[in-house]
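Computed over heavy atoms, backbone and side chain alike; hydrogens, waters and symmetry mates excluded. Keep in mind it's a predicted model, so treat the numbers as computed, not measured. In what follows, chains carry the letters A, B, and so on, assigned in the order in which the sequence lines appear, proteins first and then strands, with residues in each chain numbered from 1.
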Amino acid sequence: MSEETKSLNFLEHIIEDDLNSGYSKEDLRFRFPPEPNGYLHIGHTKAIGISFGLGEKYNAPVNLRFDDTNPAKEEQEYVDAIKRDISWLGYQWESELYSSDYFQQLYDWAILLIKKGKAYVDSLSSEEIAELKGTPTQAGKNSPYRDRSVEENLDLFERMKKGEFEPGTHVLRAKIDMASPNMLMRDPLMYRIMYKSHHRTGDDWCIYPMYDWTHGESDYIEQISHSLCSLEFKPHRELYDWFLDQVVEESRIRPKQREFARLNLSYTIMSKRKLLKLVDEGVVSGWDDPRMPTISGLRRRGYTPAAIRKFIETVGVSKRDNVIDVALLEFCIREDLNKTAPRVMAVLNPVKLVITNYPENEEEWLDAENNPEDEAAGSRKVPFSRELYIEKEDFREEANRKFFRLKLGGEVRLKNGYIIKAESVIKDENGEVTEIHCTYDPLSRSGSGTEESMRKVKGTLHWVSVKHAVPAEVRVYDRLFSDEAPDGHKDKDYMEFLNPESLTLVNAFVEPSLKEAKTGERFQFQRLGYFNVDDDSSADKLVFNKTVGLRDTWAKQQKKG
RNA sequence: UGGCCUAUGGUGUAAUUGGUAACACAGCUGAUUUUGGUUCAGUCGUUCAAGGUUCGAGUCCUUGUAGGCCAACCA
């Protein structure tokens with residue numbers, strides 16, 4: 001194996017530079033810090049892939065740290081889902097940690113800051129604080145409480161902790177610079193009063209630390225070397241460093257925050273809030289609806305961890321805003337499934353085909369290759385008989401030479417079976433074809449070795465024997481939004497772009513071997529696409545999800561007309 | 001009336017750090033094919049603009065332009 005020397009992304013350059021300037025490889029340590037307030041989506045996968053990927057590359061530990069400083073939004077359900085998803089992607093964290101583990105340490109440090117005159121209790125209302133904060137173009141003004149004595153601050157802060165005050169009456173703020181061009185440096189809040197029971201600490205605390213105060217110090221406690229986050233945190237870096245300055249010791253690792261551009265995918269949205277709305281309003285069946293860009297949605301849809309990881313690797317890392325073409329994601333799953341998914345036959349939109357010269361009660365079991373890409377996959381038997389289902393779209397009474405499928409007087413091969421010739425049709429009162437009558441060449445059976453079996457005919461159709469067909473529900477998905485950038489319009493809400501045809505229920509017929517298919521198993525329905533067995537599937541009712549269609553150059557040609 | 005960040009084919013990413021733009025996806029053409037799949041061969045197309053430094057600039061400098069982020073007791 002010739003290992004290609006892959007070029008480094010800018011984060012790897014930063015790490016390499018650190019390593020070259022004396023940083024020890026043993027000191028490398030990363031973290032993934034989700035807030036347990038929703039499910040992970042494909043965008044998070046990028047962040048996961050970056051930090052865990054770096055961990056794998058440098059053989060460095062990666063902590064899973066739940067950033068749980070806001071009990072108003074966070075729940076155990078989300079913690080469990082996040083762990084499940086990361087594990088499913090195939091990543092292993094060094095330690096499962098929680099910001100809430102550090103509440104006491106954070107509190108102690110806060111007192112230290114007060115004593116150093118770097119923090120004070122403000123007793124303004126939130127509106128007044130916002131008012132005095134100024135705007136990006138206008139400096140803020142000092143709070144009248146800014147110069148309280150250390151003693152008074154200590155006393156007030158302790159009483160905040162004891163629960164003597166109502167929410168909103170007091171907050172602890174860092175004393176930095178109300179005139180800073182960086183709004184985040186204008187005396188940011190460190191603590192607020194909140195009487196909410198926390199999913200881990202219960203009712204131990206009634207003051208909770210804010211993100212900025214918590215995050216960097218948590219990184220420091222865990223001795224994270226590189227704290228990687230998305231671009232919108234860039235302005236926070238100055239504050240991150242300021243907070244660190246208050247507590248770092250020379251001898252310990254000082255974490256550095258670096259920012260990368262988050263992932264955007266065409267035809268979808270990536271905001272947890274907006275995804276939650278789809279769930280709450282019943283637009284989708286849940287966080288794991290196969291149309292959702294969540295990891296659990298993609299999993300249920302039939303995506304593999306390998307495909308998702310390949311996708312993340314392929315999109316790369318940089319600092320520019322980007323929109324990845326969803327076609328790349330689809331390419332990645334096809335590439336994986338092409339090599340691994342067993343081929344089977346299923347007819348989604350059936351029309352009956354009768355082979356008039358095939359004996360009435362005969363049936364034969366034909367050999368069918370399970371995967372032409374993988375010889376080890378072996379073969380199976382599929383039943384053939386006089387009456388079959390084929391796809392409606394595979395037949396036309398008349399068609400030009402470009403139509404490789406079945407037409408009256410034309411020949412086609414039935415996959416793994418015989419060459420047939422269409423002779424006539426039966427129609428209903430509306431003129432719809434209800435039955436196609438054809439004849440077959442008994443000597444043309446696939447693999448029989450006869451001269452007739454070697455004959456080349458232009459088209460090959462998939463089919464299912466009527467008598468042996470197993471009914472199944474197939475859920476055919478299309479993109480959830482019809483617009484390339486659903487939340488990229490200033491004048492229109494993303495909900496306006498919902499695709500009414502994102503889910504189509506189809507009553508299909510599948511070959512009998514599928515009767516034993518287990519939940520989660522993935523198949524290629526030949527000539528149609530990749531499908532997997534849905535969680536809703538049961539012994540008496542098979543349910544499949546369409547993961548993704550095959551590349552379809554025929555459809556493209558037709559569109560061009 | 002501010003601060004910060006980013007500009008490379010349609011999309012995304014790279015370029016030995018100043019040495020003559022490449023890889024993937026998408027598109028297109030053809031070959032192979034018992035999946036209009038796969039595979040194979042080929043093809044299209046790129047450095048935001050204007051100046052400057054230099055033998056030489058995607059890379060450095062200046063000035064513009066465009067886009068993004070920042071005013072939650074959210075993370």
Give A:Pro34 one of three labels, base, sugar-phosphate or nothing, depending on what nucleic acid heavy atoms sit under 4.0 Å from its own. nothing

Check step by step if ring pair (Phe, Tyr, Trp, His ring centres under 6.0 Å) holds for A:Tyr240 and A:Phe233. CA-CA 10 Å; A:Tyr240 181 99; A:Phe233 289 95; over 10 Å; no

Nearest nucleotide by nearest heavy atom, which residue falls closer to the 5' end of RNA chain B, A:Leu231 or A:Thr460? A:Leu231

Would you say A:Cys332 and A:Lys310 make side-chain contact, with heavy atoms under 4.5 Å? yes

Among B:rU34, B:rA75, B:rU33, which is the nearest nucleotide to the side chain of A:His236? B:rA75

The residue among A:Tyr191, A:Trp213, A:Tyr208 that forms ring-ring contact (aromatic ring centres under 6.0 Å, His included) with A:Phe103 is A:Tyr208

Taking 4.0 Å as the cut-off, does a side-chain nitrogen or oxygen of A:Ser7 come that near to OP1 or OP2 on B:rA15? no

Counting neighbours of NZ on A:Lys141 that are heavy atoms of other residues, nucleotides or ligands and sit closer than 6.0 Å, is the number greater than 12? no

With rounding to the closest Å, how many angstrom separate the P atoms on B:rA49 and B:rU59? 10 Å

Need one value for A:Arg186: base, sugar-phosphate or nothing, where a base atom within 4.0 Å counts as base even if backbone is also close, heavy atoms only. nothing

Remember a base hit wins even if backbone is also touched, and classify A:Arg343 as base, sugar-phosphate or nothing at under 4.0 Å, heavy atoms. base

To the nearest angstrom, how far is A:Lys161 atom NZ from B:rC73 atom P? 24 Å

For A:Ile324, answer base if it contacts any base atom (sugar-phosphate contacts may also be present), sugar-phosphate if it contacts only those atoms, and nothing otherwise; contact means non-hydrogen atoms under 4.0 Å. sugar-phosphate

Have a look at A:Lys456 and say if it touches a base, only the backbone sugar-phosphate, or nothing, with a 4.0 Å heavy-atom cut-off. sugar-phosphate

By the 4.0 Å heavy-atom rule, please label A:Phe233 as base, sugar-phosphate, or nothing. base

Please give the distance between the C1' atoms of B:rU11 and B:rG45 as a whole number of Å. 13 Å

To the nearest Å, how far apart are A:Glu35 CD and B:rA72 C1'? 12 Å

Taking any heavy-atom pair under 4.0 Å as a contact, classify A:Asn416: base, sugar-phosphate, or nothing. base

Looking for any heavy atom pair under 4.0 Å, which part of the strands does A:Phe403 touch: base, sugar-phosphate only, or nothing? base

Can you tell which of B:rA72, B:rC69, B:rU33 lies closest to the side chain of A:Lys458? B:rU33

Mind checking A:Val317 for me? I need base, sugar-phosphate or nothing, with any heavy atom below 4.0 Å counting as a touch. sugar-phosphate

Side chain of A:Lys234 only, heavy atoms from C-beta on: which candidate in B:rA75, B:rC25, B:rC5 is closest? B:rC5

Which part of the nucleic acid, if any, lies within reach of A:Asn322 when heavy atoms closer than 4.0 Å are counted: base, sugar-phosphate only, or nothing? sugar-phosphate

Integer angstrom distance from the C1' of B:rU20 to that of B:rA24: 23 Å

If only side-chain N and O atoms of A:Lys319 are considered, is one of them under 4.0 Å from the OP1 or OP2 phosphate oxygen of B:rU6? yes

Given atom CE of A:Met210 and atom C1' of B:rC73, what is their separation to the nearest angstrom? 5 Å

Applying a 4.0 Å non-hydrogen cut-off, can you work out what A:Arg413 is touching in the nucleic acid: base, sugar-phosphate, or nothing? base

Nearest to the side chain of A:Asp325, which nucleotide is it out of B:rU11, B:rG37, B:rC4? B:rU11

Counting N and O atoms only, with roles assigned by atom type, does the side chain of A:Asp187 sit under 3.5 Å from a partner on the main chain of A:Ile176, one being a donor and the other an acceptor? yes

Touch check for A:Ser125, heavy atoms < 4.0 angstrom, all strands: base, sugar-phosphate only, or nothing? base

Roughly, in whole Å, what's the span from CZ in A:Phe525 to P in B:rU38? 19 Å

Assert: residue with more 5' nearest nucleotide on RNA chain B, out of A:Asp68 and A:Met183, is A:Met183

For A:Val315, which contact category applies under a 4.0 Å heavy-atom criterion: base, sugar-phosphate, or nothing? sugar-phosphate

Ignoring the backbone of A:Leu189, work out which of B:rC73, B:rG3, B:rU38 is nearest its side chain. B:rC73

Whole-Å gap separating C1' (B:rG12) and CD (A:Glu330): 16 Å

Taking any heavy-atom pair under 4.0 Å as a contact, classify A:Lys402: base, sugar-phosphate, or nothing. base

Give a yes/no on whether any side-chain N or O of A:Arg192 is located under 4.0 angstrom from OP1 or OP2 of B:rA75. yes

